[in-house]
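Counting from 1, the numbers follow the sequence of the chain as shown.
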Amino acid sequence: MKILEDTLNFFINDAKNKGTFDLPKFLNVMEEAFKKSGFRDEHTDNEQKNILVTRLDSIGDNVLNSSFLRELRRNYPSAHITLIVNHTIYNLVELCPYVNEVFRITYSGNLIVWLDSAIKLCREKLWQRHFDFYFNPRWDIDYYYALLLGFISGAKERIGYSTKVYQNKERVNFGYDLFLTKPILNPPNVIHETARNLFFLKVLGLHVQDTKNEVWFSHEDVLKADELILKVGGALERHLLPFAMEQ
């Protein structure tokens, strides 16, 4: 994978020197690098699918994405599914039963700093997978470079919501549709975030059987929650007791 890493590092250094990032040139040169490295070779239909999903946003978005992961697994029961999340919410998804592995990446508002972390993740964990599909079900603005990560992962087919779903996203994420092989447009009506995630699957011709969201936790998590509830309950009782006696 040396050709991929060398090409990416060339663009990082070029951006540092020029103070700008030439996106069209980056896409063209990287596409050629992926072809030379075998990432665009055809696979046979009976091979196990490798699927990459990114959810680099917050706690609430990831809870609402739980049904997406379950229904994705239902449609691809034998696929190897890799999930990447922001490091701050890793513990929320580490026990997800619908993915084979969960990796984390630390968000940085500095693109160059972030790219160093992304290249390391690709080199150590992602490029070996030769992903068939990359899915980014986030409808809102991509503040986290998720689509860029999906592109440099080498995934052959890359699907996500288009920047054209609303005006502000098109402004902030200008040009990001170029990272995708299939940009998805809006559902016909304004719908709940969970429904948007599942609409994503329906657009791809996949079947959605269950729309409920989930959380995943261990026995140790339950014990810790009980402990915290008892502490909070005791604190509230001590705080409210004088007020109750006055009444």
**Q** Does the Lys NZ or Arg CZ of R104 fall within the cation-pi geometry relative to Y90 - under 6.0 Å from the ring centre and within 45° of the axis?
**A** yes
**Q** Does this structure show an ion pair linking K16 with D14, if we count only N-O contacts that are shorter than 4.0 Å?
**A** no
**Q** So for atom CD, which belongs to Q167, do other residues, nucleotides or ligands contribute more than 12 heavy atoms lying within a distance under 6.0 Å?
**A** no
**Q** Would you call K169 and D140 a salt bridge, using N to O less than 4.0 angstrom?
**A** no
**Q** For T106 and W114, work out which heavy atoms get closest and say how close.
**A** O-CD1, 3.7 Å
**Q** Looking at L185 and S162, what are the two nearest heavy atoms and their distance?
**A** CD2-CB, 3.9 Å
**Q** So, for I141 and R138, which heavy atoms are closest and what is the spacing to 0.1 Å?
**A** O-NE, 2.6 Å
**Q** Ignoring hydrogens and geometry beyond distance, is a side-chain donor-acceptor pair present between R73 and N100 at under 3.5 Å?
**A** yes
**Q** So, E220 and K224, do they make that salt bridge, N to O below 4.0 Å?
**A** no
**Q** Can you see whether N91 engages E94 through a side-chain donor-acceptor pair at a distance of less than 3.5 angstrom?
**A** yes
**Q** So which heavy atom on R40 is nearest to which on G154, and how close?
**A** NH1-O, 2.9 Å
**Q** Mind telling me whether F34 and F151 have parallel, tilted or perpendicular rings, with 30° and 60° as the class edges?
**A** perpendicular
**Q** Check R70 with E214, please: is the shortest side-chain N to carboxylate O separation under 4.0 Å?
**A** yes
**Q** Compare every heavy atom of F103 with every heavy atom of L121, then report the nearest pair and how far apart it is.
**A** CD1-CB, 4.1 Å
**Q** What is the ring orientation for F11 with F21, classed by angle as parallel under 30°, tilted 30 to 60°, or perpendicular over 60°?
**A** tilted
**Q** Picking from L23, L27, V29, what satisfies side-chain contact (heavy atoms from CB on, under 4.5 Å) with K25?
**A** V29
**Q** When the ring planes of F39 and H130 are compared, do they come out parallel, tilted or perpendicular, using 30° and 60° as the limits?
**A** parallel
**Q** Give the ring-plane orientation class for Y176 versus F179, where under 30° counts as parallel, over 60° as perpendicular and anything between as tilted.
**A** perpendicular
**Q** According to the interplanar angle, ranging from 0 to 90°, do the rings of Y161 and F199 count as parallel (below 30°), tilted (30 to 60°) or perpendicular (above 60°)?
**A** parallel
**Q** Could you tell me whether E5 and K2 have a side-chain N and a carboxylate O separated by less than 4.0 Å?
**A** no
